[in-house]
Structure formats: structure tokens, C-alpha cells
Amino acid sequence: MHSAGAGRACPVSYRYGPAALAGKPQLEVETLWVAGGLYGNPFALERLVELYEREHGSKALVFNGDFHWFDVASSQFSQIQASIERFAAIRGNVETELAAAAGDAGCGCGYPEWVDDDTVLCSNNIIEKLRKTAMQFPQARAKLAALPMHLVAMVDGERVGVVHGDADSLAGWGFSQEFLSTPEGILAARQAFAKAGVRVFASSHTCLPVLQSFPEERAIVNNGAAGMPNFRGTHFGLATRISIRPSKNPAYFEKLKHLFVEAVPLEYGARAWEECFLAQWPAGSDAHRSYYGRIVNGPRYAVEQALRRAKTGSPRLAA
Ligand SMILES: [Fe+2]
């Protein structure tokens, strides 16, 4: 059983605050890829690594949490884990809860009030099942526990704060498209930029993507999900790419000084992923109830809704 509020509350241990991002960068590169919400999709992972390996110049790929989720089959879990270990990573609420002995936080999602109770319950049940799989891999759980909650990358002289949730907490919703559509959300984000001293925040966790720019050429880029569709009627995941060079086919992008901040589609092969998902989460299962509709049809969200900008000008849709 979960404690009251499991999946709703944000555990104290998840909190760090924006000043935690004000320190020295851990990476210095020309091109940074950030992929959150892989959710155990091996085909999206394969596509992401393929795109990343084509990059020239100095580069890094950071998995910013929730790379596990639907991968309850032991072989799937270990395959995802082994691939992630080749790259940099921070932990999301999923990895943190898998590494924890007890599951009082439920899925640790910190769900806000606009997410319904049934979704929260399904997520708590998914994490319980996934924890049983993870228990077969004690070394992997120790590695997940040791991952940081955030990191700072320097991309050609510009600081990028990489988080799972927001600038305050691992499971915060401050960088969600919902909160960033409010004046309070914009104000809180501007204060976070000042305290963290970053040009870009790269986040994930809140399921839907957003690229919100701010005055003084700053931006929050939330990739939504790398391993699930992000827009109605589509079948691709998204990863964030921040680079001194543009890529060929971003879904949308923003230019900040000399940096290109892009949402890059991950075409993973919808049919193969659907079969892989159904083999682990058949009709009637918790994940099927919560996510199958999105995997097949995409969420009720359009690419145009992901592009947001400070008062002057507008982010650019790719041609
Ligand atoms: Fe998350």
C-alpha cells in the first residue's frame, strides 16, 4: 500500500533549489543532447544514439531521467540500463523510486491537481511492478541511486542547467507547459534563471514538450517524452539538442545568441514499439489503461502549442 498522497507529494529529498545549479559545469561541449522520458522504449533509444553518433565535434548525451518505466520485462530493463550506462545521466523520479527500498512516494511524480486520480493510481502500480523487476539487478539499482539530480553543461561558453523536473525539485512541475502558460510560471522561471545563472534549462518529467523563450535570450526547453508521441496524430518522440550548429530536421527550434536550441524528432517505428509495449502491458494492465491511447494516437497537444516566446518575436517553426 502507498501512503496517503503517494504520487502527489514531492518528497523532501527531491528538493535542491536553483542555487544548486550555480556551480562549475561538469561538461564542456559544442553539442549537447538531452533526452528525458525514454520510458523504456528501446527503439527510441536506438534512434537517439544513431543521431547522436553522427554528430561532429565535442559532444555529450545526457539522459535526464525516467529512462525506465514500461520496461518491466527483465531483458528489456537490463538492455535499457546497459545502454544508458554508456552515457551521462541524471535520475528522474522513476530511477529514484526504483533505487529506494520502500515506496512511500509512490511513483514520485509529484502530480499536480490537473492530473486525475486514476492516472496517479496507475503510475503508483506501474512503479511497484517495475521495482520487482529492478530488484533482480542490485548493481543497477546502486548505480541509479548514485546518479545526480541535476548537472550543468557548458555549451560553447553558455551554461545549460539539466534537470528532470524544474529548478527547485526533481519532480517539480514548474517547467511544465501548463505552469509556463501562467504569469506566475513565467515569473518563477525568471527568478530561477537569475539564481542558477544559466542561459538554458533543459527539463522533462511533465509529459508534454515546451520551448519557452525569455528576454535576454534565455529559454526553457522541455522535451516531453523521448519514448512516446508528443503531439496529436504523431508517432515520434522528442529529444533536445543544443549546439553551435543547426541540425537538419528539427521539429522546431530557437536561436539564443550563437546557440541553436532544438526539439529533434525520434522516429522509432510505431508498430514495433506498440508490440513491445503490449507484450509487457496487455489490455487491462495499469500502463495500458494510462498510456496505450497516447502511444497509438498521441496526446491532445499540437506542435504549435509547444512553441512559446517572450514578448518580442516568436520561435521559429522549421521549414
Ligand atoms: Fe518524471
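Counting starts at 1 for both ligands and their atoms, in listed order. Basis for what follows: all heavy atoms, side chains included, without hydrogens, waters or symmetry-related copies.
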Which N, O or S atom of Asp66 lies nearest to the Fe ion (ligand 1), by name =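 Of all N, O or S atoms in Asp66, the Fe ion (ligand 1) lies closest to OD2.
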Would you call Glu50 and Arg54 a salt bridge, taking side-chain N to carboxylate O under 4.0 Å as the test?
->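 Salt bridge flag = yes for Arg54 with Glu50.
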Does Arg245 pair with Glu55 as a salt bridge, N-O distance under 4.0 Å?
->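 Here Arg245 does not pair with Glu55 in a salt bridge, since their nearest N and O are not under 4.0 Å apart.
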How many degrees, to 10°, between His205 ND1 and His164 NE2 as seen from the Fe ion (ligand 1)?
-> 90°
Glu95 versus His68, side-chain donor and acceptor atoms under 3.5 Å |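 Result is no, nothing qualifies.
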Indicate whether any N or O donor in one side chain lies under 3.5 Å from an N or O acceptor in the other, for Asp66 and Ser204.
-> no
Indicate if the distance from the Fe ion (ligand 1) to the nearest N, O or S atom of Asn93 falls below 2.8 Å.
-> yes
